[in-house]
Amino acid sequence: MTSFIRRNRTLLLIIAIVIVIFGGTIRTMEPKVWVSIMLSGLTLASLYFLVASGLSLIFGLMDVLNFAHGVLFVLGAYVGLSTFLNPRLFFNTLPVFFMLIAAVMMAQHLGRAFWPHVNSKRRQHLANIVLLLAAGSILYLALRGFPIRALNAFNITAVGGAVTTANAQEPMAMMFRRLLLVALAGVPIGILLSPRERQEEVPLRPIWQTALISGSAAVIGIVLLLVRDTGEIWMLALSPDFRFLLAIIMGTIAGALGGVAIETGLIRPFYGNPVTQLVLTLGLSIAGIDLIEAVFGEEANPPMPPPTLFGQSCRSDTFINWFSEHCQSVDVLGRAFPTYRLFIIVVGVVVFAAVGLMLRRTRLGMIIRAGVQDSEMVQALGINVRRIFTLVFALGSGLAAMGGVIAAPYLGVFPGMGAIFQLQAFIAVVIGGMGSFIGAAVGTIILGMARAFGDHFVAAGIHLPFLDAVVKGSPAIARASTVLIMALVLLIKPSGIFGKKE
Amino acid sequence: MAPSQKNVLEVRNIQTFIGQFHILDGVSVEVPDGSITVLLGRNGAGKTTTLKSILGLTPPRSGAIVFNGKEIQGEPAFRTAAKGIGYVPEHRAIFRDLSVAENLRIAERKSGDLARREEFIFGLFPDLKRLIKLPGGNLSGGQQQMLAVARALVPDNQLLLIDEPSEGLAPVVIEQMMEAISRLSAHTTILLVEQNFIMASRLADRYTIIETGRSVKSGMMADLIDDEASIQRYLGAAA
Amino acid sequence: MNETLSTTTHSSARRRLAQWWPYLLILGLLVLFPLLAGATIGDPAAAQDGAGLSSLMQRAESGAAKFWQGMIIQILIFAIFAMSYDLLLGYTGILSFGHAMFFGTGGYAMAILIGRNFNWSFGMALLAVILIALAQSLIFGVLSLRVKGVYLAMVTLAFAEMFYILAEAGDFRKYTGADDGLHGFPVPGWLSATDHRTRFYYLTLIFFVAAFLIIKRLVDSPTGKVMVATRENEHRATMIGFNTFWYKLTAFVAAGVFAALAGALSAMYLVSVTPSMLSLGRTIDVLAMTIIGGMGTLVGPILGASIIQLLGYWLERWFGASWTLVYGILFMLIVIFLPYGIVGTLRARSFQIRDGWKQLQQTLAGK
């Protein structure tokens, strides 16, 4: 017990401070008020946590500060929104992605044969540039004039109003031409991405396995394209709850794949050169958001309708009743609280528990924890750390994207949403200690609470202890408060509450 | 330990750069099967880098490293290690947040490795059994060093690379560590880096002296002990 | 004896000239630019009276000549900003993501102080900008230099974000104009960039040259050497006996002051300040300039500022609204293919070339 106190004294200190401050303010409020403020805080904390946990794990394990994490959040939100409301987008774009992936995988075998012939550094450089130019120009040809805006214009709020599916989709023949070109573009990309030095040598699968996998990817893509009309009708006829689940899954997968792409394309070639990695993710954070704007439009989408599970316009008296009534709000000590926000909290808790268990109880988790401390030593034990890196990057990115999907019904979907969450996640991670999973959770809860109480403070004013007058703040001060908290924590403990790395 | 025995490891004239710094400029080492070979030399001579180069953590730019008759230079460290090379780095790089049990379990290459070797490991280091649940960071320096060696014993390793096992330890603990290493050598081949010449001379069968990134002399330890001139020249007052 | 002395001084002067002539050449071109531009791309109709110099000056105030002077003014302002950033990143090895904080604060301080609320003179406001920047960089330097590396990046990022939020906040609308920013504050007539573009051009040029000389003096001084040593290996610098904290703080403060000056100039030139001056986007701009040009040099950031400014202009003309996408992709490609920036890569090349020459000579000499 004493050793527990000794080891966690900073934590206990902070908790004590928080209790004193909160206690002072809470004392003057009615319980129903502060309980609902706390629930709002937890809702925010849950969303922050989904972004921050991945950020923290990625930094802890590979010392990469991923500035593109917010992009993945936005990506998740848009993919989720489209899966939920506009499936035709996927029937028309997924085939292109599947084809590209299939071609890239096959071309890696070509690359294996190609690179040994390029022996001098200068020629490799030249080959890189030529391949990149080839890939870029073929991709440009393949995607030129793709009616992405029309496919996205599914509701009347879109610029130009709704475009019917029949008008938005391109003729089948055109689509097949695009698929062919995309497959061609995949060849130089695959060669570019294939390992070239012995040091990085990863045994490729036998060629028949690759052929099988990439072949089936291509077939799935083509089938999706062929059934696009009936597929859209079938999808939209599904129950909204099921579609919402599908949206979460699709969003998470998209995020994870995005993470893998970032890791393999921008991070892995530059280990040992952290500034380049950082600057590349920064560049991606600009270009990625622009790309999302180009695909999905710049204008903000209204909040996605929550699934019917949380959508009945009524108010349940208790949580138990909600299970049968599916009301949009539930009575918490006499105040209505949206049930969807409770769902967000539940998702956060479940993710925390699941990832926490994974880290504590599985071999993979053990390796990740070890890698956070000393990835070189993990490597020296015969474990392929690079593969773990990719995995963790995918995991963190997937979680951020999942956060984007579940934030969509709560906040709406707009290109700038990622930057906000990314900054808060950064602050939370610094507060909690970079590389610490628990730290990310604690940091996000502190931030969520600060924001929720701050917003309340702005709206209603607050009785500070020892002061008679009601003090009112401004929204800006509520927003800036998180930075002040961070500055305070850093003054006490520069590595954050749970941080060990300096 | 007849020198005619086959070499488990042969390092042939490797050149290693870290960044733009030329750290190793022609190191050759032979490690016969079943022997304890020690790398001697002054601070900063390149002993640690030699071990890291063998493992592939700092891959050599040229030269050859032959393990069990196969060239392994240029392969990533995890694959080299998986071929049967255990590494005990300097400064006892155990995982401080993992428990002792986890520190051992993470080294398993096949499930069941630990169960098979448990008796042997705890026979060598009985202390660890008592501490099995503690986080590695709570162990004392000597215990951490034992854990680091024990970790390398979990999988079936044919060769152990041990870097400065006696560094910063109390004399009693050094004695224990030497005892353990000499008992280990009955099972595996060991390539040791050791500053403490007395310890090195008692443990090792063979030696290689490295000076400013070059291997300058090697042979049987028994011969070096009597060779005052060489000791004076290469190792200075250390002896 | 006397002769040798005179030859050595002579040769050192020559060496100095050899070292400085590219700078002098560029400076000369920059000084003559308004006249040259007036003569070539200025609007001939703008020259109402007289001939020679005064007519040239009038033509320089018109048409494309005026426009390109404006472009160079912005390049020079960003070059000051980028050099100050390089003092942190390239010379001292401090990765700050909050440098826009100083740029924006400088701009806002200038705009507010010469604005209607205070009505200060330009000189007083400029002095105040410097003092504010000193105080600001001291406070935030002391706070953020407690941590290192990525932590410092995030901490500075958050501090800058705080200023951004405050600038955007409605509470101080009277002073900051909230999210609209301030526009059309009374810049003294004699310094108006719309009426006296050439005059403003020379003012910026003077600021730029002064900033360049001062920063160059700083990085060449013993203090600068310790900064570089801190970047290379802070632990070792501490071991030798330097209190690296003070050297880092010096760099931080100097960088903050020059960034604030750049911000103030920018406010004067555009006659507007907006919260975006304080945003992460602005820091990314200056980071991009420094890295693309080549960090750890002074020429690099200047080159980078020119390239980014011109690239932005042309990309916007070619690609319209989606130019930032192209910009982002180009930026990443440059970082991938020129990891040491343009100047750094060129220098590495010139080393290679020189090495090659040496080898060739040795082969020819039969060695």
Side-chain angles (χ1 to χ4, degrees), chain A residues 59 63-65 67 125 128-129 132 136 265-266 269-270 273-294 298 419 422-424 426-427 429-430 433-434 473-487 490-491 494-496 499 501-502, chain C residues 89 93 95 97 140 142-155 157-173 176 178-179 279-281 283-285 287-288 290-292 295 321-337 339-340:
Chain A
F59 179 80
D63 290 324
V64 171
L65 191 55
F67 265 89
H125 231 68
N128 281 340
I129 293 172
L132 212 61
L266 298 183
F270 302 102
N273 196 349
V275 173
T276 303
Q277 290 176 330
L278 195 73
V279 170
L280 282 178
T281 62
L282 258 178
L284 188 66
S285 74
I286 307 173
I289 291 296
D290 285 326
L291 204 62
I292 285 174
E293 281 181 357
E298 287 165 38
Q422 177 166 306
L423 184 78
Q424 296 300 332
F426 274 164
I427 296 176
V429 167
V430 171
M434 302 201 65
S474 81
I477 289 171
R479 281 170 63 198
S481 68
T482 54
V483 180
L484 290 177
I485 293 175
M486 184 195 73
L490 286 178
L491 281 175
S495 56
K501 279 195 170 183
E502 266 288 330
Chain C
L89 179 65
L95 181 62
F97 276 142
F140 291 102
V142 169
L143 280 180
S144 39
L145 288 172
R146 282 175 58 84
V147 291
K148 288 189 187 103
V150 191
Y151 284 86
L152 189 134
M154 311 239 296
V155 172
L157 168 66
F159 283 140
E161 194 66 15
M162 191 170 73
F163 274 84
Y164 176 76
I165 292 169
L166 291 179
E168 228 190 9
D171 312 50
F172 316 108
R173 185 176 292 278
T176 61
D179 43 6
S279 66
L280 175 63
T283 302
I284 295 178
D285 281 344
L287 177 74
T290 310
I291 287 191
I292 286 176
M295 50 188 199
S322 61
W323 74 276
T324 45
L325 174 61
V326 184
Y327 171 70
I329 292 173
L330 268 179
F331 174 49
M332 290 198 287
L333 288 180
I334 293 177
V335 172
I336 291 174
F337 287 105
Y340 305 107

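Convention: sequence-line order gives letters A, B, ...; per-chain numbering from 1.
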Pick one of side chain, backbone, both or neither for C:I291, based on which atoms fall under 4.5 Å of a heavy atom in chain A.
side chain
Looking at A:V430, A:V279, A:T276, which one has more heavy-atom pairs under 4.5 Å with chain C than the rest?
A:V279
Can you tell me which of C:L166, C:L95, C:V155 forms the most heavy-atom pairs within a distance under 4.5 Å of chain A?
C:V155
Quick one: what part of C:F159 sits under 4.5 Å from any heavy atom of chain A, side chain, backbone, both or neither?
both
For the interface with chain A, which of C:G281, C:A158, C:A288 has the highest count of heavy-atom pairs at distances below 4.5 Å?
C:A158
Counting C-beta onward and ignoring hydrogens, is there a side-chain heavy-atom pair between A:F67 and C:L157 closer than 4.5 Å?
yes
Relative to chain A, which segment of C:I329 carries a heavy atom at a distance below 4.5 Å: side chain, backbone, both, or neither?
both
Closest heavy-atom pair, C:M332 versus A:L266, reported as atoms and distance to 0.1 Å, is SD-CD1, 4.1 Å
Heavy atoms, side chains only, cut-off 4.5 Å: are C:M154 and A:M486 in contact?
no
Between the CD1 atom in C:I336 and the CG atom in A:N128, the distance rounded to the nearest 0.5 Å is 9.5 Å
Measuring only between side-chain heavy atoms, which start at C-beta, is C:F97 closer than 4.5 Å to A:F426?
no
Going by atom type alone, with no hydrogens or angles, which donor-acceptor pairs under 3.5 Å involve a side-chain atom of residues 283-294 of chain A and a protein atom two or more places apart or on another chain?
| from | atom 1 | to | atom 2 | distance (Å) |
| --- | --- | --- | --- | --- |
| A:S285 | OG | A:L282 | O | 2.6 |
| A:D290 | OD1 | C:T324 | OG1 | 3.1 |
| A:D290 | OD2 | C:T324 | OG1 | 2.9 |
| A:D290 | OD2 | C:L325 | N | 3.2 |

Looking at C:E161 and A:L423, what are the two nearest heavy atoms and their distance?
CG-CD2, 2.9 Å
What distance do A:T482 atom OG1 and C:I165 atom CD1 have between them, rounded to the nearest 0.5 Å?
6.0 Å
Close side-chain approach of A:L132 and C:L333, heavy atoms under 4.5 Å:
yes
Under a 4.5 Å heavy-atom cut-off, does chain C meet the side chain of A:I427, its backbone, both or neither?
side chain
